[in-house]
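Just below is one structure, and these are the notes that go with it.
All ligand and atom numbering here is 1-based and tracks the order in the structure.
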Amino acid sequence: MKILVCVKRVADPNVKVRVRSDKTGVDLSNIKMTINPFDEIAVEAAIRLKERGVATEVVVVSCGPVASQDALRTALAMGADRGILVQTDAELQPLAVAKLVKSIVGKESPEVVMLGKQAIDDDANQTGQLLAALLDVPQATCASAIERDGDRMLVTRETDDGRETVEVSLPAVITADLRLNEPRYVTLPNLMKAKKKPLDTLDAASLGVDIAPKFTTVNVEEPPARKPGEIVLDVAALVARLRQETASN
Ligand code: AMP
């Protein structure tokens, strides 16, 4: 079973990003970038399936500028077999990524395509669902456990009502949630070895899909500064303080 995993290069979640002065987005110049944390979980899940003999090959794909190679190299250092960079400097919205990945699926014919449930920069939570629709294959989103069951996959999902297990026929799209696993640490020797793993680059334009943005961001604002917290001495003081807050609202 071949697994294709989508990885996006995003701003490191531990770094504070600033809104650009024209308020059209955030300023990513000189910002530390990293692999999207949910994609790291998806890569880990795919590698574990390979280590258990369920999967035979793990291919990672990223769409974006040349620098997206960093995210692919991290995934290769974790244990993925090869990488594909779909290179473009254009702004990519979820539908565009889904269309580009669909083209790669056409070339690679994986039985499972894994994505993160969301990219932490746009928080769209759309690409996996759009991809499944474009491919017309089953989707299981927000996976917290994945098992193979014959020619199907059993995917456990955490919902507001508890855990739900869905069975999907293959090929299928699965998106990874936080509790699926704890990704392994990438060691320096493995990063060095990853440099020797195959990494192909394709020009996004050569795939012949319309990646033009479908919406425009009109305004981006910094979140309002949070009021500093207050330490109260005991429960009685806390209750009094809460009553006071409620009365004044
Ligand atoms: P989103 O729908 O933007 O929240 O992204 C959901 C998932 O789609 C991410 O966790 C990635 O697995 C995948 N994805 C989004 N953008 C890209 C990209 N440029 N290249 C590769 N995968 C992506």
Using a 4.0 Å cutoff against the non-hydrogen atoms of [X], which atoms of ligand 1 qualify?
X    : value
L115 : 8 (O), 12 (O), 13 (C)
N125 : 1 (P), 2 (O), 4 (O)
N36  : 9 (C), 10 (O)
V7   : 20 (N), 21 (C), 22 (N)
A124 : 1 (P), 2 (O), 3 (O), 4 (O)

**OP:** Could you tell me whether the side chain of E221 reaches within less than 4.5 Å of the side chain of V19, counting heavy atoms only?
**Re:** no
**OP:** Would you check if V26 and R20 make a side-chain contact, meaning some heavy-atom pair closer than 4.5 Å?
**Re:** no
**OP:** Before giving the answer on side-chain contact (heavy atoms from CB on, under 4.5 Å), spell out for L115 and L131 the whole-Å C-alpha distance, their side-chain angles and the decisive distance to 0.1 Å.
**Re:** CA-CA 10 Å; L115 303 90; L131 176 66; 4.2 Å; yes
Who's the nearest protein heavy-atom neighbour of [atom], and how far?
atom                    : answer
atom 16 (N) of ligand 1 : K8 CD, 3.3 Å
atom 18 (C) of ligand 1 : C63 O, 3.6 Å
atom 10 (O) of ligand 1 : D39 OD1, 2.5 Å

Subject >> Cluster overlap L170 with V173, hydrophobic side-chain contacts below 4.5 Å >> reply: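 No, L170 does not connect to V173 through the hydrophobic network.
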Subject >> Pair T127-C6, side-chain contact (heavy atoms from CB on, under 4.5 Å): steps then yes or no >> reply: CA-CA 10 Å; T127 311; C6 301; over 6 Å; no
Within-cut-off N or O pair, [X] and ligand 1, under 3.5 Å:
X    : answer
D122 : yes
V97  : no
G128 : no
A119 : yes
Q126 : yes

Original post:
Should we count CZ of R241 as having more than 12 external heavy atoms under 6.0 Å?
Top reply: yes
**OP:** Answer yes or no: are there more than 12 heavy-atom neighbours, outside K196 itself, under 6.0 Å from its atom NZ?
**Re:**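 Result for NZ/K196: open.
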Original post:
Nearest non-hydrogen atom to atom 8 (O) of ligand 1 belongs to which of T88, V86, T127, I120?
Top reply: T127
Original post:
Does ligand 1 have any atom that is closer than 4.0 Å to a heavy atom of G64?
Top reply: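 No heavy atom of G64 comes that close to ligand 1.
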Original post:
Other than L242, what residues sit in its cluster of Ile, Leu, Val, Met, Phe, Trp and Tyr side chains whose heavy atoms are under 4.5 Å apart, directly or through others?
Top reply: V232, L238
When the side chains of residues 60-69 are checked against the rest of the protein, which donor-acceptor pairs come out under 3.5 Å, sequence neighbours left out?
unit_1: S62; atom_1: OG; unit_2: V7; atom_2: O; d: 2.7
unit_1: S68; atom_1: OG; unit_2: P65; atom_2: O; d: 3.0

